[in-house]
Q: 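Below you will find the structure I want to go over with you.
Heads up: numbering here begins at 1 and tracks the sequence. The structure displayed is predicted, hence computed values, not measured ones.
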Amino acid sequence: MYPSWFNRAAVGEVWRVPYGDRAQDAHHWQQQHQISPACDDQRRIGLLLIDVQNTFCIPGFELFVAGKSGQGAVEDNQRLCEFIYRHLGDITEIIATMDTHSALQIFHPAFWVNDAGEHPAPMSTLELADIEARTWRINPEIVPMLPLDIDADAYARHYARQLTQESKYPLTIWAYHGMTGGIGHSLVAAVEEACFVHSLVRRSPTRYELKGMHPLTENYSVLKPEVQTTADGTAIARTNTALIEHLLSFDQLIIAGQAKSHCVAWTVRDLGQEIRDRHPNNPETIAQKIYLLEDCTSPVVIPGVVDFSEGADAAFADCADLGMQRVSSQAASDWLNKT
């Protein structure tokens, strides 16, 4: 049963959440269904929502994740909202991550320049050979404004080599997206509304985690940046140990969001590696507490240009081998209803 205010057809649109009305609705829903506060939970269930933002989830926005169907993120969020409303009384806490960017970052066009003064096109990749040949170099006009004093050419080579050596995606130039203070940065309205209602019904504030602010590194994973140091070992950004500890503290952790091939894939892989490092003798006992909602996430697919589906499925397969459970939102509901 879904509340009367939930409009499935509006999940792919941008609108203002009527907080006052929803606060009253949440109060009535809590009383009608006699839902206890989250502090009383004997079994703590966390729901991690990765980058469920307009920039990725609304058609026409900068990096809409269309998936195979062409409406991937919209359909994912319809199912996600329904899942949240079905389990307002079960989910202890919602953790929402937010890709948070500015114009002059290493994955945006203006950061790089060639001899003609041109910037690379969105959705292009900068290969290590191109950077070593200085076909593309860090824009010298940006260097004085960076937070670290670096040799720009040396850092560019170091960054590309790190990605290559660690078998990460090559340096991708993305369209400007997730811009701090912009509408693209905001959570999808329907998901924000569901989080707001959950926080009032359960007396459990949504935890927001910002990521991706440092100009010198991409930050696909919620848990750590792609590159953490300069060539001489100076720290750029660190692993989010506090968040890892928090996520692993739940009795069950459910994960959804965008995109399956990028931020979701690297997050679950990093979480899996943390589990291996912390529990080398029996990682599966911890990993089996984690549920990946396969119908609430989609890969980056641009017909005729790029299809990251294979990489997304490989990441989920690796996590399943460790013990994480790949399930649909309905299968997760069936499990929650039985326990």
Q: What residues form a side-chain contact (heavy atoms from CB on, under 4.5 Å) with Ala320, not counting sequence neighbours?
A: Arg326
Q: Please assess Tyr85 against Trp29 for the test side chain to side chain donor-acceptor pair (under 3.5 Å), listing each intermediate value before the final yes or no.
A: CA-CA 11 Å; Tyr85 285 126; Trp29 191 267; over 6 Å; no
Q: Kindly indicate, with the supporting measurements, whether the criterion salt bridge (Lys or Arg N to Asp or Glu O under 4.0 Å) is fulfilled by Lys211 and Glu209.
A: CA-CA 7 Å; Lys211 70 178 181 70; Glu209 290 282 339; over 6 Å; no
Q: Thinking salt bridges, do Asp251 and Arg43 make one under a 4.0 Å N-O criterion?
A: no
Q: The criterion is side-chain hydrogen bond (donor to acceptor under 3.5 Å, both in side chains); which residues satisfy it with Ser298, sequence neighbours excluded?
A: Asp76
Q: My understanding is that only residues two or more places apart in sequence, or in another chain, count here; which of them pass side-chain contact (heavy atoms from CB on, under 4.5 Å) with Ser4?
A: none
Q: Tell me, which pairs form a salt bridge (Lys or Arg N to Asp or Glu O under 4.0 Å) where one or both residues lie in residues 102-115, sequence neighbours left out?
A: Asp115-Arg137
Q: Using the test side-chain hydrogen bond (donor to acceptor under 3.5 Å, both in side chains), find all partners of Gln228 that sit at least two apart in sequence or belong to another chain.
A: Thr239
Q: Which label fits His246 and Phe250: parallel for a plane angle under 30°, tilted from 30 to 60°, or perpendicular past 60°?
A: perpendicular
Q: What orientation do Trp335 and Tyr291 show, parallel under 30°, tilted 30 to 60°, or perpendicular over 60°?
A: parallel
Q: At their closest point, which heavy atom of Ala26 faces which heavy atom of Val201, and how far apart are they?
A: O-CG2, 3.6 Å
Q: Could you list the residues that satisfy side-chain hydrogen bond (donor to acceptor under 3.5 Å, both in side chains) with His101, not counting sequence neighbours?
A: Asp99, Gln105, His177
Q: Using side-chain hydrogen bond (donor to acceptor under 3.5 Å, both in side chains) as the criterion, list what pairs up with Asp153, not counting sequence neighbours.
A: Arg134
Q: Kindly list each side-chain donor-acceptor pair under 3.5 angstrom involving residues 56-74, sequence neighbours excluded, with atom names and distances?
A:
from, atom 1, to, atom 2, distance (Å)
Glu62, OE1, Thr55, OG1, 2.6
Lys68, NZ, Asp307, OD2, 2.6
Ser69, OG, Gln71, N, 3.1
Ser69, OG, Gly72, N, 3.3
Ser69, OG, Glu75, OE1, 2.8

Q: Tell me whether Phe6 is reachable from Val188 by hopping between hydrophobic residues (I, L, V, M, F, W, Y) whose side-chain heavy atoms are closer than 4.5 Å.
A: yes
Q: Once side-chain contact (heavy atoms from CB on, under 4.5 Å) is applied, do any residues pair with Asp40, and if so which ones, sequence neighbours excluded?
A: Ser36, Pro37
Q: Would you call Arg161 and Glu132 a salt bridge, using N to O less than 4.0 angstrom?
A: yes
Q: Closer than 4.0 angstrom, basic N to acidic O: yes or no for Arg44 and Glu93?
A: no
Q: So, using ring-ring contact (aromatic ring centres under 6.0 Å, His included) as the criterion, who are the partners of Phe316 when residues are at least two apart?
A: none
Q: Just to verify, what does Glu141 make a side-chain contact (heavy atoms from CB on, under 4.5 Å) with, not counting sequence neighbours?
A: Asn139
Q: Give a yes or no on whether Ile138 and Leu128 share a hydrophobic cluster (residues Ile, Leu, Val, Met, Phe, Trp, Tyr; joining criterion: side-chain heavy atoms under 4.5 Å apart).
A: no
Q: Against Glu192, only a single residue in Thr206, Leu187, Val197 fulfils side-chain contact (heavy atoms from CB on, under 4.5 Å); can you say which?
A: Leu187
Q: Looking at Glu310, I'd like to know if its CD atom is crowded, meaning that more than 12 non-hydrogen atoms belonging to other residues, nucleotides or ligands lie closer than 6.0 Å.
A: no
Q: Which residues pass the ring-ring contact (aromatic ring centres under 6.0 Å, His included) test with His262, not counting sequence neighbours?
A: Tyr169, Trp174, Tyr220, Phe308
Q: Check Glu193 with Arg22, please: is the shortest side-chain N to carboxylate O separation under 4.0 Å?
A: yes
Q: Determine whether Leu253 and Val264 fall in the same hydrophobic cluster, where Ile, Leu, Val, Met, Phe, Trp and Tyr are linked whenever their side-chain heavy atoms lie under 4.5 Å apart.
A: yes
